[in-house]
Amino acid sequence: WEEARSPGGVRWTQLEHRGPCFAPPYEPLPDGVRFFYDGKPMRLSVAAEEVATFYGKMLDHEHAAKEVFRNNFFRDWRKEMTAEERRVIKHLSKCDFTEIHRHFVDRAAARKALSREEKQRLKEEAEKLQQEFGYCILDGHREKIGNFKTEPPGLFRGRGDHPKMGMLKRRVRPEDVTINCGRDSKIPEPPAGHQWKEVRSDRTVTWLAAWTENVQNTLKYVMLNPSSKLKGERDWEKYEVARRLKGVVGEIRSQYQADWKSQEMKARQRAVALYFIDKLALRAGNEKEEGESADTVGCCSLRVEHVQLHPEADGRRYVVEFDFLGKDSIRYYNKVPVEKPVYRNLQLFMENKDRGEELFDRLTTASLNKHLQDLMDGLTAKVFRTYNASITLQEQLRALTRADDGIAAKLLSYNRANRAVAILCNHQRATPKTFEKSMQALRSKIEAKKQQVAEAKAELKAARAGHVPREDGRPESFLDKRQRRLEKLEEQLVRLSTQATDKEESKQVALGTSKLNYLDPRISIAWCKRFAVPVERVYNKTQREKFAWALDTAGEDFEF
DNA sequence: CGTCAAACTTAGGACCACACAA
DNA sequence: TTGTGTGGTCCTAAGTTTGACG
């Protein structure tokens, strides 16, 4: 494949598709649903009403309570109003959306209460849409598209403390959309009465359609599903680069350790940053424009306020305490002992700086990646995350798996190995709302099962004691039955206890992200083969489709 | 060399269908 | 039959990287 990579960055020769599927047009509210301003009912223009419904839907959402959200919404909403509406509607606090809110709550309930047949019909309609818009022809193969629908209009919801939360995200029209397709394939038909913004045939990119999203002024793309050959090849390449890093990582580590003592400040900063990226799996950390998004950082953009140095903590020397918000405003908190030269360097980097200043002021992600490129072809900061994640999975699986364990126990080992990676990469999730309740339920189930096991044991014992062996020596079916029942119950108990352990250990850890993006699937597939675990127990259908490239190639002796 | 846009990967949460228990 | 918890899917935001440009 590597050799097969086409010259000039050409990614395909044939591409044919139907274009994106647009969000349905706005349906005005029925007459009975009113908006009130200052206690008086007020009929809104269609444009203003539509935006009002976006807010009304979110009335009980925690966003709607936030000052920034409300202000942004109100500012953008006013832009959609007629001059007359704008004259009247001056304060959000005087707006009453409760009827609108109730209307959508009722509608959701009605949808839920639909009969089996109606739901089936809806499902079939969705399937039809999927068949019509959800596939493309790429180089002779029918491939699934990832996101064939344009994003519907609504209020922007950023993550964390986003300065733009509540802003109006406009409806995407065909006139906003650029189509990319093969030069001699059929050009998709725009919806009746509309035109595409542009139709082009750029074979060096993989998107089928693109438009600019108005809140952040960034491009959005329609691209292929992860199961596609195009995406699969890239995935494979990603892991091959990480495997090449395995071959030179020792050297790279020696190099950056030597650079901790470099004469050049820039080289020292780079060496310490790279050490963090390698050891702690931090992200590169690009600069972000202030006020455009939430204040989050990665390695290169760490500020003095994000690290604390402890000459000694918890009985360990040279401890660095990290506390910052990373991607998606997920908190990274870690206390790690480091080598003395790293510690000394950090002291040096922090000297005479305010808490708001950059720790690595001489370093950018561009200069770091440039350096990495010199160390190994194709090496960038994120390759370290891929490498360390995959190698950790492989090591953990080796350490944890017992060949004579049952499938359930093996799967627990797998999940534990997966979890070690997720913790390394700081992949968190909110504890499920129902966690305590369902945990309690599981515990009572275990208790009940224990009881059953005890009873079954007693019964078996009693049966044995009271039983006279038959002369003909034929197996005693009564005894057998009791025996089998006990075994089955014991098996169920093990399964439940395993489940409980797994659940408790995973409550705040998101396993999916690493599984999907960082772990070379061949490691898992080889493990399944070696320990006779059906692959379906580790990868669901979608995941198997995404990793089809690995399913075909990885043998039980695959080594990352 | 820094800046910016483009293109792509990575990310957590919402939502929904479905299995299973009551 | 109904209620409920959960895994899987969908959604789209938020990162990284590259390359053009001045």
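Below, each value reflects all heavy atoms present in this structure, side chains not excepted, and no hydrogens, waters or symmetry copies.
Among the heavy atoms of the strands lying under 4.0 Å from Q216(A) are primed sugar atoms or P, OP1, OP2 only; no base atom is included. Residue contacts shown for A381(A) are limited to sugar-phosphate atoms, with no base heavy atom under 4.0 Å away. No contact: A294(A) has no heavy atom under 4.0 Å from any strand. Contacts of F156(A) with the nucleic acid, taken as non-hydrogen atoms under 4.0 Å apart, involve only primed sugar atoms and P, OP1 or OP2. Within 4.0 Å (heavy atoms only), G298(A) reaches no atom of the nucleic acid at all. Using a 4.0 Å heavy-atom distance criterion, P152(A) is classed as a sugar-phosphate-only contact. Within the nucleic acid shown, T206(A) comes within 4.0 Å of sugar-phosphate atoms alone, with no base atom in reach, counting heavy atoms only. Note on L516(A): nothing from the nucleic acid sits closer than 4.0 angstrom, heavy atoms only.
Regarding H61(A), its NE2 atom lies at a distance of 11 Å from the P atom of dG13(B), rounded to whole Å. Here dT10(B) presents its C1' atom at 17 Å from CG of N388(A), a figure rounded to the nearest Å. Per the geometry, NE2 belonging to H63(A) stands 12 Å off C1' belonging to dG12(B), to the nearest Å. Rounded to an integer number of Å, the gap from CG of L511(A) to P of dG12(B) is 11 Å. One interatomic measurement links the two molecules: NZ of K220(A) to C1' of dC10(C), which rounds to 13 Å at whole-angstrom precision. Here the P atom of nucleotide dA14(B) and the CD atom of E62(A) are 8 Å apart, to the nearest Å. In this entry the distance linking OH of Y518(A) with P of dT16(C) reads 9 Å, nearest Å. Across the protein-nucleic acid pair, R157(A) atom CZ and dA14(B) atom P stand 8 Å apart, rounded to whole Å.
Residue M223(A) places its side chain closer to dC8(B) than to any other of dT12(C), dC8(B), dG12(B).
In this structure, R283(A) reaches the dA11(B) phosphate: one of its side-chain N or O atoms is under 4.0 Å from OP1 or OP2. Close to dT10(B), at under 4.0 Å from its OP1 or OP2, lies a side-chain N or O of K238(A). Of the side-chain N and O atoms in K288(A), one or more sit less than 4.0 angstrom from OP1 or OP2 of dG15(C). Taking side-chain N and O atoms only, Q428(A) has no distance below 4.0 Å to OP1 or OP2 of dG12(B). The phosphate of dG15(C) has OP1 or OP2 within less than 4.0 Å of a side-chain N or O from T296(A). In this structure, K123(A) does not reach the dA17(B) phosphate: none of its side-chain N or O atoms is under 4.0 Å from OP1 or OP2. Applying the 4.0 Å criterion to OP1 and OP2 of dC8(B), one finds that K382(A) has every side-chain N and O outside that range. A sub-4.0 Å separation between OP1 or OP2 of dT17(C) and a side-chain N or O of N369(A) is present. Considering only side-chain N and O atoms, R385(A) lies under 4.0 angstrom from the phosphate OP1 or OP2 of dA11(B). Phosphate contact (OP1/OP2 of dT17(C), side-chain N/O of T380(A), threshold under 4.0 Å): present. Using a 4.0 Å cut-off, no side-chain N or O of S293(A) falls inside it from OP1 or OP2 of dA13(C). Checking the phosphate oxygens (OP1, OP2) of dT9(B), a side-chain nitrogen or oxygen of K231(A) falls inside 4.0 Å. Taking 4.0 angstrom as the limit, T542(A) places a side-chain polar atom (N or O) nearer than this to OP1 or OP2 of dT9(C). Considering only side-chain N and O atoms, K327(A) lies nowhere under 4.0 angstrom from the phosphate OP1 or OP2 of dT9(B).
Ring pair F547(A)/Y539(A) is tilted by interplanar angle, where 30° to 60° counts as tilted.
Mapping R159(A) and N217(A) onto DNA chain B via the closest heavy atom, the residue that lands nearer the 5' end is N217(A). Mapping K169(A) and K541(A) onto DNA chain C via the closest heavy atom, the residue that lands nearer the 5' end is K541(A). The nearest heavy atom of DNA chain C to Q543(A) and to G285(A) marks one nucleotide each, and the one closer to the 5' end goes with Q543(A). Taking the nucleotide of DNA chain B with the nearest heavy atom to each of K119(A) and V205(A), the more 5' of the two is matched to V205(A).
At a cut-off of 3.5 Å, with distance as the only test, a side-chain donor of K288(A) or T296(A) sits close to an acceptor on the other residue. Side chains of Y414(A) and S524(A): a donor-acceptor N/O pair is present below 3.5 angstrom, by distance only.
Proximity of the aromatic rings of F133(A) and H17(A) is defined here by a centroid distance below 6.0 angstrom, and this criterion is not met. Checked against a 6.0 Å centroid threshold, the rings of Y332(A) and H306(A) do not count as neighbours.
With a 4.5 Å cut-off on side-chain heavy atoms, Q130(A) and Y135(A) count as touching. Under the 4.5 Å side-chain criterion, counting only non-hydrogen atoms from C-beta, Y387(A) is in contact with K246(A).
What you find for I179(A) and A209(A) is that their closest heavy atoms are CD1-CB, 4.2 Å.
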